[in-house]
Number of protein chains: 2
Amino acid sequence: MSQTLDTVFAALADPTRRAILTMLLEDDMAVTDVADPFEMSLAAVSKHLVILSKAGLITQEKRGRVKWCKIEPNAMKEASVWMQSFGKFEELDMDAFERFLEAELEG
Amino acid sequence: MSQTLDTVFAALADPTRRAILTMLLEDDMAVTDVADPFEMSLAAVSKHLVILSKAGLITQEKRGRVKWCKIEPNAMKEASVWMQSFGKFEELDMDAFERFLEAELEG
DNA sequence: ATATTCGTCAACCAAATGGTTGAATATGCA
DNA sequence: TGCATATTCAACCATTTGGTTGACGAATAT
């Protein structure tokens, strides 16, 4: 039983958290800026960041009063490998994938 | 926002459900046989199968009084592609991966 | 010095999750 | 027919989840 898979998959199951990760692909961000596009309180987003942090999917570093969030893509490796064992997927349609990411961000 | 990603990742977040999927990699199985190795009621396992089913990760076909469960690896495609966008992972250590799958089954 | 900004904490809430048990349904067997 | 097997359903329960608000501490700006 892998606690890592539990926490990583659970973290990825929430659309807000996936949107946050997609945002962080662009650049490191402060907590306040991460929260900005969402229609929920800063405290709620802060909790999401804790969950992403515990799953290892992001790291946070405090500089001054600003806490910077950085994505840690390698934390997905175990989960990604796990999934890949379950099928040989067709090649990626990258255009479709881009559109999909757009939708995720708006979602 | 993708309801599919929500349900697939949520389904994979539970170790019992991942173990079920790993079992189904070997062969299609009846509900009773799926439930056998787990220390929980048949009803509980049945619920897990419903969740896997709704996520599209398995299909179930009733023949006689037996309901057969079949893994549908392609349902992981979208989620797998999503994850892969977040990093270029090092090459897989396949021995480690085998050991990991063993542990999952025992978990 | 004081006000403002950044972020978390604590208490609370509703809804979802993962489990239980016992009854119900449907099929197969003798 | 009558019994056993396969599976789900319904009601229930404890815990977790995802959100809220208001207060708070730490850092910055005026």
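Note on naming: letters A, B, ... go to the chains in the order of the sequence lines (proteins, then strands), and numbering restarts at 1 for each one.
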[X] side-chain N/O to [N] phosphate OP1/OP2 under 4.0 Å:
X	N	result
B:S46	D:dT8	yes
B:R17	C:dG18	yes
B:S41	C:dG19	no

May I have the distance from [X] (atom [atom1]) to [N] (atom [atom2]), rounded to whole angstrom?
X	N	atom1	atom2	answer
B:M29	D:dT7	CE	C1'	15 Å
A:Q60	C:dG7	CD	C1'	10 Å
A:L49	C:dC9	CG	C1'	15 Å
B:E39	C:dT20	CD	C1'	15 Å
A:F9	D:dT16	CZ	P	22 Å
A:D6	C:dG18	CG	P	10 Å
A:R63	D:dT28	CZ	C1'	16 Å
B:K67	C:dA26	NZ	C1'	12 Å

If you check the [X] side chain, which of [options] turns out closest?
X	options	answer
B:K47	C:dG7, D:dA11, D:dT8	D:dA11
B:M40	C:dT20, C:dG7, D:dT7	C:dT20
A:A43	D:dT28, C:dT8, D:dG19	C:dT8
B:H48	D:dG19, C:dG18, C:dT8	C:dG18

### Message
On a heavy-atom basis, which atom in A:A13 and which in B:A10 lie closest, and how many Å separate them?
### Response
CB-N, 3.5 Å

### Message
If I compare all heavy atoms of B:M23 with all of B:P37, which pair ends up nearest, and what's the gap?
### Response
CE-CG, 3.7 Å

### Query
Roughly how far, to the nearest 0.5 Å, is the CD atom of B:E39 from the OG1 atom of B:T16?
10.5 Å

### Query
Taking for each residue the nucleotide of DNA chain C bearing the nearest heavy atom, is the 5' side occupied by B:A13 or by B:V66?
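By nearest-heavy-atom nucleotide position, the 5'-most residue is B:A13.
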
### First encountered from the 5' end of DNA chain C, between A:T32 and B:G64
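Comparing both residues, the 5'-ward one is A:T32.
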
### Message
Counting C-beta onward and ignoring hydrogens, is there a side-chain heavy-atom pair between A:F38 and A:I20 closer than 4.5 Å?
### Response
yes

### Query
Is the backbone N or O of A:R18 less than 3.5 Å from a side-chain atom of A:T22, with the two atoms forming a donor-acceptor pair by type?
yes

### Message
Once hydrogens and angles are ignored, does a donor-acceptor distance under 3.5 Å link the base of D:dT7 to the side chain of B:R65?
### Response
no

### Query
Does the C:dG7 base have a donor-acceptor partner in the side chain of A:K62 within less than 3.5 Å?
no

### Message
Counting the atoms with a prime plus P, OP1 and OP2 as sugar-phosphate, which does A:A10 contact under 4.0 Å by heavy atoms, base, sugar-phosphate, or nothing?
### Response
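Nothing, no heavy atom under 4.0 Å.
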
### Query
Reckon B:L42 touches a base, only the sugar-phosphate, or nothing at all at heavy-atom distances under 4.0 Å?
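Here B:L42 touches the bases of the nucleic acid.
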
### Query
Using 4.0 Å as the upper bound for N to carboxylate O, is an ion pair formed by A:E61 and A:R63?
yes

